[in-house]
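In what follows, a single structure is set out as structure tokens and then discussed.
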Amino acid sequence: MAAATSLNFDSNSLERLTEMKDIHEAYEYLCKQENTIAEEIDELLEHQTNLEAKMSTLYRSVPNLQVVNSDAKQLGSMVSFTCDLAENVSGKVRLLDLAKGRVQEAIQRVNDVLDLKFCTDGVQTALQSEDYEKAAGHIIGGSVDVALHVLQDAKQNLTKIVREKFDAALVTADRASVERFFKIFPLLGLHDEGLRKFSKYLKSQIADRCQEQLSQASTLDSADRRAAVVYADTLTILFEDVGKVVEIHQPLVETYYGPGRLLQLIQWLQAECDEQASRIVDEFIRNREFSLKSRQVQALLHRGSGRTSTAHERLDPRELDVMLAECTLLNSRTELYLRFIRKRVLNDLEMVGNDEKADADKVAVLEKLLRECLLSRRIQELIGNYIVMEEYFMRESVIKAESMDSLEQGSHTSSMVDDIFFILKKCTKRAISSGSVDCACALLNHTTTILEGDYQDSLYAKLRAGFPSGSFDVAQAYSMLQQGRFPTSSSDTNAAKLEFMTTVNNIEVSLEYIQSLRRSLSEECAALLIQNREIGKDKLESCLNDLGAVTHKFKDVLDPVESSAVKPRLKPWVDSFLSVNHDIREDEFSMYEANDPFVQNFIMNLEQLLAEFKDFMTPSNYDSLVSLVTNEVTTQLEQAVLRSVFNRLGGLHFDKELRSLVTYLTSVTQWTIRDKFARLTQMATILNLERVTEILDYWGQNSGPLTWRLTPTEVRQVLSLRVDFRSEDIKRLKL
Amino acid sequence: MEDYKYLFKVVLIGNAGVGKTCLVRRFTQGLFPPGQGATIGVDFMIKTVDIGGDKVKLQVWDTAGQERFRSITQSYYHSADALVLVYDITSRESFNSLPGWVKEVEQYASRKIISVLVGNKLDLHKEREITIEEGNSCAESHNMRCLETSAKDSDNVDRLFLDIAVELTNNVRNVEIKSGPVEEEIRDHGSVQGCCR
């Protein structure tokens, strides 16, 4: 309120104050106001220093600010200058660009106009002059909107003409025109159509030529050199034809259609090849009576042994032989052709360089085509039947060789061994020559089956009766042979012995032949595998190994000879050792030296015995026999020694006897004999001792290089054979 | 030298498409590759298993079922130690062909051979056309064992081949016993190893 009142005070109003009270009031008010102001002034004065400090700071900043100000102004002018410059430049560039665009458009337009003029002129002249390649070339060049319909018209027109002309060329088989128009299709973007039409042309060419060949084949003189393989030849010509078509046209297709199109072409061509090949196979089957023969063989095989069949006579083995050869030729030609096709297509695919997945897909299509095309199936069927017939042919020939078995004088083996192995080799080689791994394996299996089955059985059956006992008169034996054949039923033991010995030799030679058959077939298979990119290697090896393993099933053939022909005859000869006194005086010893009572005779007997066999045995069989005889001699002689008594001179004489025997046996064989006499030689050493304890010079640590084959008990037993050794001394020995 | 004591040949036969190749691949490689083409000719795969401490090598021959390969297949019967005759339990036709197959086996195979009848595709049992009983009675009439398998689900596949391996090993040992030390017969699969699952 006071403030409100005080607002009314001014110098004028003070003069108008009349009342004391008012004056007082005014005075007080003014005093109060004075106080307040004084306070305020004080307060302000307090800030003075502060303000002064601030002021001085500000004063100091002033020059800096002036620098900043001038710098900022400079910057500003620079920025605006740069900005102006940039505006200026870009404006000019934009302008230039615009100008350039317009110039280009103008040039394009001018070009197009020129092009169009050229094309339309070109197409028309080309069409007029029937130069369709040029016309098609012009169509590819044109691209201007306005003229597009003109060109499309021209294209349609051209396509129509090209199609008509191409079809016409096909009808007239005008090769030059066909190839001419074939090249135009890809220019019109009609790759597939062109290729399909072209392959149609090629197919008709293939078909015509093949039919011609086939009709020639059917009229071929049967005396012609190639008559026996005329269908294989015809098929070969077909394959060569297809091959030639591919060879000639692949470069064309590649040039005008680009790489990677061969698979498609082959797929179409193979359809024709299938059909033609199928016709050839049909003709082959019909004219060679393939099915009939196949059925006959099946029937014969199902009956079991073909030995006594009447149907056999209707099946001429020679005719069968010729047909089987043609069969393998048909297959090997087909394999060759399919390999050619595979290689060609793979090369073509490689050139494209697609991604792996696409390539793998195409390769799968190719493999499926090769595997499942009609040609492959027909040939597989043929080979399936071939295998059965080849097996039959092989078996029948083996049976025939067995039935015609004969022995020539001076030969160790009879004819059937050579004959049978010849047949087995011939048939299996033929199967391998088919080029089919499965076919080769099948015949390898059959060969193995025959060898370890029928063949082995028939050989061992002849040994089962054993070797007839009694002496063996060779001349007599040969005289019993009827024109080289063994008598079928004869009680004559000499002939039986000869047959037995021959069989033993047959078996021995068969073992060698099996290994050489295996080796030679292995070589054939190796060649097959090289052609076949090593596919089927494991199969072939497994089957070849089975063939080689047949050897293990032929063994111990000489045992019956030894036990029936040697053992009983040795017995009395060895027994004669017992009748010779070995407890002798000096004069008896001298007499023995002059006139040997045992060993000369024994050796003579052995010589005679071995001579009986020697001429009839292969060298290795003879060595085996000597070895068996030696085993038997040592066993029996050991027993005889242990049943005799000796003195020092007797022991000395025995040592001499033994040396003579060893020398003789060593002279009759390639094999080492001495080892078989180790025990007897050691016995002789013991029987030759001066006194009992002398044995210790040879025993234990003193034995040196000598390995004792006698046990301590046996040593004592032999020592005790000496009549002049005391049994106490022998017992005292520490062995 | 390869490290095994016995080698046995097992040959699979039966109509086309019953799953012979799948059985062989399942057993030897543990695979079930669907959508393969028909087998051409024959092929074999090897698997070595441990039978009672002996390494036994099984050479498993896979054959084409198609008629035109029949003569190739037949050439393997003679040397086979075991034959597995396969049909498809969802195919009456494959089952009806069995007598023909048995006749072939009798004609070509060795008499000592072991034959096993196998009904494959057990995984498709909902589409079954041949009952277990039919399979069993067919097997019985031809003196065979019978087993149903699934190459896809790997059912009974190892058992099929391991049973054969055990039986063949026991047979060989029984022959050896006559000339060598007596070995114990393996009666169960407890001592059989080498199955892959």
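Within every chain, numbering begins at 1; the chains are lettered A, B, ... in the order of the sequence lines, protein sequences first and strands thereafter. Just so we're clear, the structure is a prediction, and the values are computed from it rather than from any experiment.
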* Considering only heavy atoms, give the residues of residues 70-104 of chain B separated from chain A by less than 4.5 Å, sorted numerically, with 'none' for an empty result. =>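 Contacts with chain A: Ser71(B), Ile72(B), Ser75(B), Tyr76(B), His78(B), Ser79(B).
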* Under 3.5 Å, is there a donor-acceptor pair between the Thr428(A) and Thr447(A) side chains? -> yes
* **Under 3.5 Å side-chain donor-acceptor pair for Asp123(B) and Ser150(B)** => yes
* To do: With the side chain counted from C-beta on, respond yes when Phe8(B) and Thr169(B) share a heavy-atom pair under 4.5 Å apart, and no when they do not.
  =>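 When only atoms from C-beta onward are counted, Thr169(B) and Phe8(B) do touch, with a gap below 4.5 Å.
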* To do: Evaluate the side-chain proximity of Gln296(A) to Met389(A): yes if any heavy-atom separation is below 4.5 Å, no if none is.
  =>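 Not in contact.
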* Asked: With respect to Val157(B), which candidate in Asn120(B), Leu23(B), Val24(B) satisfies the side chain to side chain contact (heavy atoms under 4.5 Å, CB included) definition?
  ->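 Among Asn120(B), Leu23(B), Val24(B), the one that satisfies the side chain to side chain contact (heavy atoms under 4.5 Å, CB included) with Val157(B) is Leu23(B).
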* Asked: Taking the side chain from Asp54(B) and the backbone from Lys5(B), do they hold a donor-acceptor pair closer than 3.5 Å?
  ->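 Side chain of Asp54(B) to backbone of Lys5(B), a donor-acceptor pair under 3.5 Å: no, none is there.
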* Asked: Any sub-3.5 Å donor-acceptor pair from Arg395(A)'s side-chain atoms to Ile450(A)'s backbone N or O?
  ->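 Answer holds: no.
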* Ring-face cation of Lys47(B) near Phe27(B) (centre distance under 6.0 Å, axis angle within 45°) ->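 Yes, cation above the ring, under 6.0 Å and within 45°.
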* To do: Go through the atoms of Asp546(A) and report whether side chain, backbone, both or neither lie under 4.5 Å from a heavy atom of chain B.
  => side chain
* Between Asn445(A), Thr448(A), Leu382(A), which residue shows the highest count of heavy-atom pairs closer than 4.5 Å to chain B? -> Asn445(A)
* **Which portion of Gln66(B) sits near chain A, non-hydrogen atoms under 4.5 angstrom** =>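 For Gln66(B), there is no contact with chain A at all, as no heavy atom is under 4.5 Å.
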* May I ask you to name which of Gln59(B), Glu67(B), Lys9(B) has the most heavy-atom pairs under 4.5 Å with chain A? => Lys9(B)
